[in-house]
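Presented below is the structure to which this report refers.
Just so it is clear, the model here is predicted, and its values are computed rather than measured. Sequence positions, counted from 1, serve as the residue numbers for this chain.
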Amino acid sequence: MIAQEQIPTVLDHPVYDTEGKKIGDAKHVFLDDSTGRPEWVTVRTGLFGTNESFIPIRDASLVQDHLEVPYPKDRVKGAPHVDVDSGGHLDASEERRLYEYYGIAWDDAWQRANQPGEDGWAHGTAGTAGTMGTAGAAGTSGTMGTAGTAGISGTGGTAGAAEDAMTRSEEQMHVGTEEVESGHVRLRKYVVTEEVQETVPVRHEEVRVVREPITDANRDEALSGPEITEAEHEVILHEERPVVETRAVPVERVRLETDEVVEEETVTGQVRKERIEIEGDDVPEDRDRM
């Protein structure tokens with residue numbers, strides 16, 4: 001149980017669930033108007049913190065700078081919607097609906113509200129209209145008032161509002177973006193073998209027979225040997241052959257870069273609006289609804 005003097009420490013601080021996951025930030029603490037004891041805490045949830053979910057605070061605990069509640073995050077986010085700006089009070093039907101959602105029997109809540117607490121306070125009747133007030137900071141009467149003003153008594157209705165006025169509310173859709181992973185791209189280098197053809201000129205030697213007639217110029221050389229004999233003469237031939245070798249040389253640098261592309265997407269959602277009808281005699285048809 002959170003004590004009244006701990007409420008300023010709770011407000012605008014994180015709220016965690018049973019698994020240590022952050023649910024959101026505490027925005028309001030609702031008190032029992034009869035006893036002034038904290039009974040509910042609202043937590044801002046949603047992508048932009050636009051939703052407020054009610055959580056029973058009776059079994060919550062304050063740990064260092066945050067509040068821990070015995071309910072999982074998904075359950076809190078699915079709690080029935082209650083308009084916390086409609087006067088700062090829960091009526092009987094709203095409170096009963098929240099008790100049922102969190103599995104708290106209405107009779108148990110009534111008994112617990114009427115038994116003395118650890119601090120010696122006796123709880124008032126649970127679930128009556130206007131039994132909860134919104135807490136912002138300590139009020140002058142010992143309970144918590146709306147947005148830090150003086151505490152509200154245990155009567156129902158909107159404090160300080162004209163009795164003949166009615167507040168009309170509506171939901172507004174807020175659309176934003178969140179960054180998520182859409183895929184992975186990587187560079188991978190591997191080796192392939194290709195056949196390459198190139199033409200290179202090669203040379204080789206061939207033999208041809210040269211016959212020369214005996215002339216005065218070569219007569220002495222031609223007659224220097226025996227007249228009739230056997231002889232042979234060998235000529236070594238040469239040729240060129242292609243030789244292939246490979247060398248690794250750098251040819252280019254490759255890297256990955258990302259480009260940001262802006263596209264437009266249409267988001268469709270549903271919002272609820274309150275309408276006020278005027279009933280009575282002599283009401284023009286074009287003025288009976290706003």
Can you spot which of Arg44, Lys77, Lys27 makes a salt bridge (charged side-chain N to carboxylate O under 4.0 Å, His left out) with Glu52?
-> Arg44

Approximate separation, where rounding is to 0.5 Å, of Asp17 CG and Glu68 CD = 9.0 Å

For Val43 and Ile55, what are the C-alpha separation, side-chain angles and deciding distance, and is it a side chain to side chain contact (heavy atoms under 4.5 Å, CB included)?
-> CA-CA 8 Å; Val43 179; Ile55 312 173; 3.4 Å; yes

Does the Ser53 side chain pair with the main chain of Ala79, one donor and one acceptor, at a distance under 3.5 Å?
-> no

Closest non-hydrogen contact found for Gln172 with Val271 is C-CG1, 4.1 Å

If every non-hydrogen atom of Thr18 is compared with every non-hydrogen atom of Tyr71, which pair is closest and at what distance?
-> CG2-N, 3.3 Å

ILVMFWY cluster, Ile104 and Leu31 together (side-chain gap under 4.5 Å) | yes

Hey, could you give me the CZ/CZ distance between Arg255 and Arg253, rounded to the nearest 0.5 Å?
-> 8.5 Å

Interatomic spacing from CD in Glu221 to CD1 in Ile214 - rounded to 0.5 Å = 9.0 Å

If you round to the nearest 0.5 Å, how far is CZ of Arg37 from CD1 of Ile57?
-> 11.0 Å

Validation row: Val15, Val76 side chains within 4.5 angstrom (heavy atoms) = no

Return yes when atom CD of Glu205 has more than 12 non-hydrogen atoms of other residues, nucleotides or ligands closer than 6.0 Å, and no otherwise.
-> yes

With clusters built from Ile, Leu, Val, Met, Phe, Trp and Tyr whose side-chain heavy atoms come within less than 4.5 Å, directly or transitively, what are the remaining members of the cluster of Val185, listed by chain and number?
-> Leu187, Val254, Leu256

Find the distance between CD (Glu232) and CD (Glu234) and round it off to the nearest 0.5 Å.
-> 7.5 Å

Closest heavy-atom pair and its distance - Leu67, Ser61 | CD1-O, 3.4 Å

Under 4.0 Å between a Lys/Arg side-chain N and an Asp/Glu carboxylate O for Arg208 and Glu206?
-> no

Take Glu198 and Val200, measure what side chain to side chain contact (heavy atoms under 4.5 Å, CB included) needs, and give me the verdict at the end.
-> CA-CA 7 Å; Glu198 288 190 13; Val200 58; over 6 Å; no

Of all the heavy-atom pairs spanning Ile7 and Pro38, show the shortest one and how long it is.
-> CD1-CG, 3.8 Å

Tyr101 and Phe54 aromatic centres sub-6.0 Å | no

So, are Arg168 and Glu170 salt-bridged, with charged N and O less than 4.0 Å apart?
-> yes

Do the charged groups of Arg275 and Glu277 touch, with an N to O distance under 4.0 Å?
-> no

Pairwise distance OG1(Thr167) to CD(Glu274) - rounded to 0.5 angstrom = 8.5 Å

Neighbour count >12 (heavy atoms, 6.0 Å) for atom CD, Glu212 | no

Between Leu62 and His66, what is the shortest heavy-atom contact and its length?
-> CD1-O, 3.4 Å

Please test Arg247 against Glu245 for salt bridge (Lys or Arg N to Asp or Glu O under 4.0 Å), starting from the C-alpha separation and ending with a verdict.
-> CA-CA 7 Å; Arg247 298 187 185 95; Glu245 64 173 345; 2.8 Å; yes

Which heavy atom in Arg97 sits nearest to a heavy atom in Pro80, and how many Å separate them?
-> NH1-CB, 3.2 Å

Could you list the residues that satisfy side-chain contact (heavy atoms from CB on, under 4.5 Å) with Ile228, not counting sequence neighbours?
-> none

Is there a path of hydrophobic side-chain contacts, each under 4.5 Å between heavy atoms of I, L, V, M, F, W or Y residues, that connects Val63 with Val41?
-> no

Could you check whether the rings of Trp40 and Tyr102 sit parallel, tilted or perpendicular, using 30° and 60° as the cut-offs?
-> tilted

Lys/Arg N to Asp/Glu carboxylate O, Arg203 vs Glu240, below 4.0 Å | yes

